[in-house]
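I have placed the structure first, in the form of structure tokens, so that the comments after it can refer back to it.
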Amino acid sequence: MPEPDARSLLPLLHRALRDNPLGVYLHGSAVLGGLRPYSDVDVLVVVRRSLGGDERRALLGELMKVSGRGARPVEFIVVVQDDVRPWRYPPTCDFLYGEWLRAGYESGVVPGREVMPDLAPLLTMVLRGDAPLEGPPPAALLDPVPHEDLRRAIVAGVPELMAEVETDTRNVLLTLARVWVTLATGTIRSKDEAAAWAVGRLPSEHRPVLERARAVYLGQREEGWDDLRSSVRPCAEHLVAAIGGAQPS
């Protein structure tokens with residue numbers, strides 16, 4: 001899979017949005033230990049004002065040319081500074097691009113504004129990663145997210161994750177492990193680091209499932225769950241129970 005230079009996204013961003021961006025920031029795997037074989041390139045853009053229709057269509061068109069289809073996928077999120085500073089919950093996302101939504105884009109869907117609790121952990125990663133591609137340090141544009149809002153945002157996503165455990169097994173298990181470690185330790189770690197932490201705290205019967213998810217994520221083995229399929233949901237349910245009982249250490 002081609003390794004993108006994240007800075008190569010800046011020209012397309014400015015072609016689409018001109019002078020609207022205030023800051024552009026890496027987050028996710030790129031700042032949490034490095035990109036893995038299945039990692040997206042995660043980018044957050046803070047803008048002055050909500051995108052207009054022409055800006056949305058132009059940015060979508062540019063991203064569809066460079067993301068996926070043999071290249072590493074890009075997840076691209078735009079927030080308006082006034083929507084997240086001063087901080088309030090739930091936050092609003094102004095534009096979201098992700099490869100899992102490509103079929104909709106190809107049928108004519110253009111990303112719009114939406115309430116997105118998941119912005120709470122994302123903005124926390126941006127602030128802690130402190131990895132500007134352009135503009136000032138993120139703390140100059142973003143307020144910190146209170147721990148209680150971080151907690152309720154990541155817990156709110158658990159039912160949706162469990163609904164996808166059979167179809168997106170690796171990602172669901174690793175995300176549940178990351179939620180657990182975040183709530184238990186107050187830190188946001190890479191998915192493979194979170195899985196390693198969680199494996200050591202799981203009962204022995206659940207460890208092979210999470211170890212498999214971690215190995216696939218790291219590119220150490222091919223995706224495949226047939227031999228462990230009956231153990232996947234019990235492992236996920238144990239992780240959810242651990243999340244429910246997690247308290248910061």
N/O donor-acceptor pair under 3.5 Å between [X] side chain and [Y] backbone:
X      : Y      : result
Arg56  : Leu51  : yes
Ser67  : Met64  : no
Thr182 : Arg178 : yes

Quick check for you: to the nearest 0.5 Å, what is the distance between [X] atom [atom1] and [Y] atom [atom2]?
X      : Y      : atom1 : atom2 : answer
Asp118 : Leu123 : CG    : CG    : 10.5 Å
Met125 : Ser190 : CE    : OG    : 11.0 Å
Glu114 : Leu119 : CD    : CG    : 8.5 Å
Arg102 : Leu63  : CZ    : CG    : 9.5 Å
Trp225 : Ser230 : CH2   : OG    : 12.0 Å

Decide, yes or no, whether a salt bridge links [X] with [Y] under the criterion of side-chain N to carboxylate O below 4.0 Å.
X      : Y      : result
Arg152 : Glu148 : no
Arg113 : Asp83  : yes
Asp227 : Arg212 : yes
Arg214 : Glu211 : no

Looking at side-chain heavy atoms only, is the closest gap between [X] and [Y] below 4.5 Å?
X      : Y      : value
Leu210 : Leu202 : yes
Val24  : Val43  : yes
Tyr25  : Asp130 : no
Arg49  : Glu55  : yes
Pro146 : Leu150 : no
Trp197 : Thr187 : no
Asn20  : Arg18  : no
Val172 : Thr167 : no

| task | May I ask you to check whether Asp94 and Ser50 show a side-chain donor-acceptor distance below 3.5 Å? | result | yes
Which atoms form the tightest heavy-atom contact between [X] and [Y], and what is the distance?
X      : Y      : answer
Ile243 : Arg151 : O-NH2, 4.1 Å
Pro203 : His238 : CD-NE2, 3.3 Å
Gly98  : Tyr105 : N-OH, 3.2 Å
Trp180 : Ala242 : CE2-CB, 3.4 Å
Leu12  : Leu9   : CG-O, 3.2 Å
Pro121 : Ile188 : O-CD1, 3.8 Å

| query | Is there a side-chain contact (heavy atoms from CB on, under 4.5 Å) between Val45 and Phe76 once you walk through the steps? | reply | CA-CA 8 Å; Val45 183; Phe76 203 92; 3.5 Å; yes
| message | side-chain contact (heavy atoms from CB on, under 4.5 Å) for Gln81 and Arg48? Distances and angles first, verdict last. | response | CA-CA 6 Å; Gln81 187 185 28; Arg48 293 177 170 84; over 6 Å; no
| With the 4.5 Å side-chain cut-off for hydrophobic clustering, are Val109 and Tyr97 part of the same group? | no
| said: Just to verify, what does Glu62 make a side chain to side chain donor-acceptor pair (under 3.5 Å) with, not counting sequence neighbours? | reply: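 Here the qualifying residues are Arg15.
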| request: Show the numbers, then the answer: is there a side-chain contact (heavy atoms from CB on, under 4.5 Å) between Leu44 and Leu122? | output: CA-CA 9 Å; Leu44 174 81; Leu122 187 152; 3.9 Å; yes
May I have the list of side-chain donor-acceptor pairs in residues 132-144 shorter than 3.5 Å, sequence neighbours left out?
from: Glu134; atom 1: OE1; to: His14; atom 2: NE2; distance (Å): 3.2
from: Glu134; atom 1: OE2; to: His14; atom 2: NE2; distance (Å): 2.6
from: Asp143; atom 1: OD1; to: Arg85; atom 2: NE; distance (Å): 2.7
from: Asp143; atom 1: OD2; to: Trp87; atom 2: N; distance (Å): 3.3

| field | Residues Leu96, Leu101; criterion side-chain contact (heavy atoms from CB on, under 4.5 Å); working and verdict | value | CA-CA 9 Å; Leu96 165 66; Leu101 300 170; 4.1 Å; yes
N/O donor-acceptor pairs under 3.5 Å from side chains in residues 154-166, not counting sequence neighbours:
from: Glu166; atom 1: OE1; to: Arg229; atom 2: NH1; distance (Å): 3.4
from: Glu166; atom 1: OE2; to: Arg233; atom 2: NE; distance (Å): 3.4

